[in-house]
Amino acid sequence: MPDNNQIASLFEKMAVLCELNGDNVFKVRAYQKAALILKNLERDVSVMSIDELIAIKGIGKSIAAHIKEISEKGSFSEFEELKSKYPAGLLELTEIRGLGAKRAKILYEKLKVDSVNKLYEAAKSKKIRALDGFGEKFENSIIEAIEKKSALPQRFLYHNAIKIAREIVAWLKNNGYKKVEYAGSLRRRKDTIGDIDILYVGDGSGMVKFAKSEFVKDVLSLGQQKASFILKNNIQCDIRVFKENEFGAALCYFTGSKAHNIRLREIALKRNLILNEYGLFSKSSKEKIAGKFEEDIYKKLGLVYIPPELREDSGEIEMAQSGKKFDLVELKDIKGDIHCHSAYTDGANSIDEICDYLSKRYCWAYIGDHSVPLNFVKGLDFKSYIKTRNEVLSINKKYKNKFFERSVELEILKNGELAFEKEQLKDVSLVIAAVHTSLRLNRKEQTERMIKAINNPYCDVVAHLTQRIINERDEMDMDYDRIFEVAAKNGTIFEVNGQPDRMDLNDVNIKRVISLGLKVVLSSDAHSIEQFDYIEYSLNNVRRAGLSRKDVLNCLDFKEFKDFIEENRKRRGGL
DNA sequence: GCCGTTTTCGGCCCGACTGTTTTCAGTCG
Ligand SMILES: Nc1nc2c(ncn2[C@H]2C[C@H](O)[C@@H](COP(=O)(O)OP(=O)(O)OP(=O)(O)O)O2)c(=O)[nH]1
Ligand SMILES: [Mg+2]
Ligand SMILES: [Mg+2]
Ligand SMILES: [Zn+2]
């Protein structure tokens with residue numbers, strides 16, 4: 001069964017093919033939109049009925065039928081037909097910056113260019129400039145774009161991108177610009193970031209100066225209101241300049257997402273208004289109605305303010321129209337962390353140091369560590385768990401009104417058993433079950449393994465369920481639908497791991513487990529004191545999933561949390 | 001291809017930068 005992302009990727013390819021085929025641009029956009037919808041959808045479309053599919057805004061009869069066909073056959077005939085019309089290499093041409101479908105089509109028809117290699121040859125041998133509507137500069141820009149393409153990686157970790165963004169904001173402020181913000185996917189706090197989007201109040205001279213700064217490797221474009229650069233670390237940076245009284249509208253525009261912007265602009269039109277990055281205007285008189293403050297844009301469109309994390313056009317506009325304020329969980333609501341590592345296994349700090357730090361930060365915490373059989377990190381056996389738990393409890397006595405306990409990141413063995421015996425498990429305060437080995441079992445085996453673990457009454461929390469490592473390792477191949485179904489019966493708590501390259505569960509999976517009535521728990525999975533801040537990345541994901549305090553167990557008091565765990569075990573036949 | 005509190009046909013967000021360009025198309029945000 002293909003998952004939503006796989007189906008989305010087919011529709012993205014279909015969009016490119018339609019473009020190359022010279023189809024209606026709105027048909028192309030319909031496929032792009034459908035792909036986006038699927039990527040943000042928490043339900044598995046492959047098991048939905050045609051009627052259910054059509055009920056989704058942006059999915060109609062044709063695309064619903066395609067989804068059905070893909071679910072059964074892995075692809076759809078219209079796509080396969082179109083694909084067979086063109087060489088496979090043609091699809092990759094539009095990935096070259098500055099080359100879109102229109103000119104790719106001409107290059108293919110006139111010069112038989114059907115791959116990036118042939119495009120490069122054609123440009124080098126100066127054949128492109130001879131074509132009507134093409135020229136020397138275009139030819140050179142193509143050569144440059146191809147030569148530099150391989151250096152550009154996919155998407156960046158939020159953790160890495162935000163650091164660079166903050167440096168650039170500071171640089172602009174140092175250069176005298178008082179109002180500077182990062183926007184785009186960074187402000188929406190997506191787990192991966194395509195580029196760094198920055199806006200400031202001032203004039204174009206700031207961008208000219210930035211172009212000559214240490215940050216910049218290449219200048220892609222440089223105008224009066226906007227510029228694009230490739231930075232030294234190969235990330236793209238887009239900068240826009242505005243006037244003070246435009247800043248709210250500008251921030252709204254540049255924060256996006258694109259789909260969210262389009263919805264806002266459509267709502268404006270229905271009210272006889274025009275929304276762009278400079279403000280909200282009356283369509284007839286051109287009079288300005290809002291622009292200085294972002295809040296005013298939403299207000300004048302009849303919407304409550306929408307937190308940036310939710311701006312994906314995945315239901316937030318409808319919620320904002322209902323008039324009810326958003327109530328997302330905040331950092332100050334977090335009362336404890338459950339998952340970290342001490343020097344007993346692969347952490348950098350002693351339990352003493354960890355407790356000292358956490359006593360200043362939280363009301364409570366579970367200090368964790370790896371378990372057997374992870375020998376390479378000196379995973380704890382049951383005896384050493386008990387011994388070190390006593391150490392935690394004794395250290396706890398030093399702190400008034402703080403509660404420290406011991407958790408263990410317990411291995412889910414290849415056969416789905418937990419690494420400690422049942423008799424031992426009842427003496428473990430918090431079991432955070434995790435897979436770290438045998439990641440490549442086949443789908444069926446991996447699914448059964450996970451289900452067996454989840455059915456264990458002592459499997460309190462499942463850590464980083466999918467085991468993805470962003471840009472390095474895909475999610476484990478499992479039947480997530482079934483796993484979540486079993487989890488719903490067990491009341492399983494899913495961890496939202498905040499390690500920058502994990503951020504697992506992601507936003508969409510969080511929505512999925514919450515819709516099943518389950519709760520999540522945030523964790524930094526800190527391996528050193530500094531890494532306790534990674535819980536902010538978990539927070540990003542749950543805010544993007546729209547969660548409030550009631551869905552996040554870190555917002556409970558210690559006793560409430562402990563009771564929750566115990567209740568859960570009892571109900572499932574443990575204790 | 002999708003959609004509809006005027007619509008089942010005729011619209012579909014809006015603007016900056018570049019170069020193919022002297023009034024606009026292509027591409028991108
Ligand atoms: N109205 C409108 N706004 C757009 C369009 N494309 C982009 N934007 C706005 C919203 C985006 O969030 C913002 C920045 O564009 P980006 O291409 O950098 O996208 P974004 O940062 O959302 O995602 P990314 O992680 O960079 O891929 O510009 C568009 O076609 N129309
Ligand atoms: Mg961006
Ligand atoms: Mg951008
Ligand atoms: Zn861990």
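Proteins come first, then strands; the chains are lettered A, B, ... in the order of their sequence lines, and each starts at number 1. Because the structure is a prediction, the values reported are computed rather than measured.
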Stretch residues 102-122 of chain A: residues that reach within less than 4.0 Å of DNA chain B through a heavy atom: A/Lys102, A/Arg103
Atom pair distance, as rounded to whole Å: CD in A/Glu95 and C1' in B/dT27: 15 Å
Mutual orientation of the aromatic rings belonging to A/Tyr31 and A/Phe76 [parallel < 30°, tilted 30-60°, perpendicular > 60°]: parallel
Rounded distance in Å - CD1 (A/Ile142) to P (B/dT18): 16 Å
Sugar-phosphate only, base, or nothing, as touched by A/Ile56 at under 4.0 Å among non-hydrogen atoms: sugar-phosphate
Closest-nucleotide ordering on DNA chain B, the 5'-leading residue of A/Leu99 and A/Gly58: A/Gly58
Sugar-phosphate only, base, or nothing, as touched by A/Glu78 at under 4.0 Å among non-hydrogen atoms: sugar-phosphate
Sugar-phosphate only, base, or nothing, as touched by A/Arg97 at under 4.0 Å among non-hydrogen atoms: sugar-phosphate
Pairing nucleotide - B/dG10, Watson-Crick or G-U, each distance under 3.5 Å: B/dC3
A/Ser62 side-chain N/O to B/dC2 phosphate OP1/OP2 under 4.0 Å: yes
Parallel, tilted or perpendicular, as decided by the 30° and 60° cut-offs, for the rings of A/His66 and A/Phe11: tilted
Between B/dT27 (P) and A/Lys137 (NZ): distance, integer Å: 18 Å
Separation of atom CG in A/Leu93 from atom P in B/dT27, rounded to whole Å: 12 Å
Length of the CG-P vector between A/Leu53 and B/dC2, whole Å: 11 Å
Parallel, tilted or perpendicular: ring planes of A/Phe138 versus A/Phe134, cut at 30 and 60 degrees: perpendicular
Between P of B/dA25 and CZ of A/Phe138, the distance in whole Å: 17 Å
Aromatic plane relationship, A/Tyr298 with A/His260 - under 30° parallel, 30 to 60° tilted, over 60° perpendicular: tilted
Base-contact (B) and sugar-phosphate-only (S) positions in nucleotides 6-17 of chain B, heavy-atom cut-off under 4.0 Å, - elsewhere: ------BBBBSS
A/Asn21, CG: over 12 other non-hydrogen atoms inside 6.0 angstrom: yes
Earlier contact from the 5' end, DNA chain B, for A/Phe134 and A/Ile54: A/Ile54
Aromatic ring proximity, centroids under 6.0 angstrom, A/Phe229 and A/Phe215: no
